[in-house]
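Report on the structure given below.
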Protein chains: 2
Amino acid sequence: MNMERNPASGCVTSRREIRRQDRRDAILTVAARSFLEQGYAGTTMSGIAATLGGSKGTLWNYFGSKEELFAAVIDHVTIEYRAGLSEILAEPCDDLRLTLKRFCTGIMDKVTTPDAISLHRLVVAEAGRFPEMGRIFYDRAPLQTYVLLAEFLEGVMARGLIRAEEPMQAARLLVTLCVSGYQQKMLMGLIETATTPMIAAEVERATDLFMRAYALEDGTPS
Amino acid sequence: MNMERNPASGCVTSRREIRRQDRRDAILTVAARSFLEQGYAGTTMSGIAATLGGSKGTLWNYFGSKEELFAAVIDHVTIEYRAGLSEILAEPCDDLRLTLKRFCTGIMDKVTTPDAISLHRLVVAEAGRFPEMGRIFYDRAPLQTYVLLAEFLEGVMARGLIRAEEPMQAARLLVTLCVSGYQQKMLMGLIETATTPMIAAEVERATDLFMRAYALEDGTPS
DNA sequence: TCATAACCGTACCATAGAGTACGCTTTTTA
DNA sequence: TAAAAAGCGTACTCTATGGTACGGTTATGA
């Protein structure tokens, strides 16, 4: 009676399965918070069960071990992370330099978020024991960024606005120039946050350097 | 009788103190290996004592807690790390581009070492709980590198060979361009090692980009 | 030679945390 | 309305590990 056939996906979605999905999401949310804030070793299954309000048995009903839960969390959280990326490439405007600055600022805003830093730390910290986590994160976050920017740069190169050379590498290098400085300092705990003017200045430096390096060889102004 | 007065430092160096120093070093060496390879949580005091051969009591005689030992290890290991840096800035030759490439290659060789990667991971992983570790590492490793290169670049700028602008920032950006790509991949466990040709290609890309960006504005060839 | 500091081995304590067992209650389905 | 699935709470097991205690031994220094 309460069984619905979802016409779009064609799969059965009983009330039970919906609830189960909700519950799973709730667990993932709570677990994500804990892993991001306390790290892997600092997170306890008992603690998660406690803040969930349920019992430990239920937790193990969904995830067979701490490692399994951790994997699911990384998966879940990086998918969210990537979802935020698509919005970043603002509508390109006529001014190339300005468009790049907007793009870079968007990335910086995202990457210097406390959550982003925590996630980055977590992945790096556990990449030794769980190499798949590194792969998952890299493919969904940095790589996606490079690809997005590379596609844009390829168009710009084709229109002869900048030196036409390895768009993917160019994208990676530009992002690196923007992001590395403060990211490094935040990962190492030297600073807590990157303020808007700090970000603006760094983006300025990076895009200027990039534009000079990718200017056309003849005297044509870009 | 076996007490010597060291004329240089003016401090007493009894046989006992020498032994103590040796012992301390031995502990640090063993502990460093364990922390680098197993991480903080994966390292056990009992394990260290066991591979040392001695007893646990002795270990606590030297370091009052695991955290204290960890701090000492980071300190010790980053000092060694920095010591290796001074050798890197090869004697500058006439060709600026070549000198930069040598410098960058030296840095890359050092930074992609398994130990360097492990240390980097360790610092990033624990920077949340032990912020001082981040500071110690940053000041001794990346910052030193930037300073070293910045001094060199300042000279080059003064001689009018490249655009004269913020040598410290220039140094940081060049190092970042070289290092970030493979460092990121190694930290995340995507690749195990960076081969010589890989490094050479990356250094080529980075220095080319840098030289184009810092070329003088008039048509003078650098 | 004698006092002492360091060291060894071993046994021990206390705590924490992953994972299990089980009996009772609630929700869902048919 | 009855069977079944999921959940709850609580108590429990088992193992790992940081840290301590202690009695006997060796190296060191005066």
Side-chain angles (χ1 to χ4, degrees), chain A residues 1-6 11-31 33-35 37-73 126 129-130, chain B residues 1-6 11-31 33-35 37-73 126 129-130:
Chain A
M1 179 208 254
N2 279 312
M3 205 148 133
E4 295 165 15
R5 181 161 288 275
N6 182 332
C11 67
V12 229
T13 321
S14 68
R15 205 132 138 204
R16 232 174 217 151
E17 302 211 358
I18 293 178
R19 251 184 76 101
R20 192 165 180 86
Q21 198 56 44
D22 286 357
R23 196 84 179 134
R24 201 186 129 96
D25 281 357
I27 295 178
L28 284 179
T29 305
V30 166
R33 274 266 68 76
S34 181
F35 278 122
E37 280 162 21
Q38 320 284 335
Y40 184 85
T43 293
T44 78
M45 296 294 269
S46 308
I48 292 174
T51 64
L52 265 170
S55 101
K56 287 173 84 175
T58 309
L59 190 46
W60 263 269
N61 193 329
Y62 284 86
F63 302 95
S65 71
K66 189 181 179 182
E67 296 196 0
E68 197 179 321
L69 175 57
F70 180 67
V73 162
E126 307 301 330
R129 268 186 312 163
F130 310 113
Chain B
M1 178 208 251
N2 280 311
M3 202 149 136
E4 295 164 14
R5 183 161 286 276
N6 183 332
C11 67
V12 232
T13 322
S14 69
R15 204 131 138 206
R16 234 175 216 151
E17 301 212 1
I18 293 179
R19 252 182 76 99
R20 192 164 180 87
Q21 198 55 44
D22 285 358
R23 196 84 178 133
R24 200 186 130 96
D25 281 358
I27 295 178
L28 284 178
T29 305
V30 166
R33 275 265 69 75
S34 180
F35 278 121
E37 280 162 22
Q38 320 282 337
Y40 184 84
T43 293
T44 78
M45 296 294 270
S46 308
I48 293 175
T51 64
L52 265 170
S55 102
K56 287 173 85 175
T58 309
L59 190 47
W60 262 269
N61 193 328
Y62 284 86
F63 302 95
S65 71
K66 189 180 179 183
E67 296 195 359
E68 196 180 322
L69 175 57
F70 180 67
V73 162
E126 307 301 332
R129 267 187 311 161
F130 310 112

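Chain A is the first sequence line, chain B the second, and so forth, proteins listed ahead of strands; every chain is numbered from 1. Excluded from the calculations below are hydrogen atoms, water molecules and symmetry mates; all remaining heavy atoms, backbone and side chain alike, are included.
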Using a 6.0 Å distance limit plus a 45 degree cone around the ring axis, check whether A:Arg20 lies over the aromatic ring of A:Tyr62. yes

How many whole angstroms separate atom OH of A:Tyr40 from atom C1' of C:dG17? 12 Å

Summarise how protein sits on nucleotides 5-15 of chain C as a single string, 5' to 3': B when a protein heavy atom is under 4.0 Å from the base, S for sugar-phosphate-only contact, - for no contact. --SBB------

If I take atom CH2 in residue A:Trp60 and atom P in nucleotide C:dG17, what distance separates them, rounded to the nearest angstrom? 12 Å

Find the distance A:Ile48:CD1 to C:dG17:P and express it as a whole number of Å. 12 Å

Roughly how many Å is it from CG in A:Leu69 to C1' in C:dA18, rounded to a whole number? 12 Å

Rounded distance in Å - CE (A:Met45) to P (D:dT15): 19 Å

Given atom CD of B:Gln38 and atom P of D:dT17, what is their separation to the nearest angstrom? 11 Å

For A:Ser34, which of A:Thr43, A:Thr44, A:Thr51 qualifies under side chain to side chain donor-acceptor pair (under 3.5 Å)? A:Thr43

Applying side-chain contact (heavy atoms from CB on, under 4.5 Å) to A:Thr58 and A:Ile27, what does each step give before you reach the verdict? CA-CA 10 Å; A:Thr58 309; A:Ile27 295 178; 5.5 Å; no

Let me know the distance between CG of B:Leu59 and P of D:dG18, rounded to the nearest Å. 10 Å

For the atom pair CG (A:Asn61) and NZ (A:Lys56), what is the distance rounded to the nearest 0.5 Å? 15.0 Å

What pairs of residues pass the salt bridge (charged side-chain N to carboxylate O under 4.0 Å, His left out) test when at least one of them lies in residues 37-50 of chain A, not counting sequence neighbours? A:Arg33-A:Glu37

How are the rings of A:Phe70 and A:Tyr40 set relative to one another: parallel (under 30°), tilted (30 to 60°) or perpendicular (over 60°)? perpendicular

How close or far is atom P of C:dA18 from atom NZ of A:Lys66, stated in whole angstroms? 5 Å

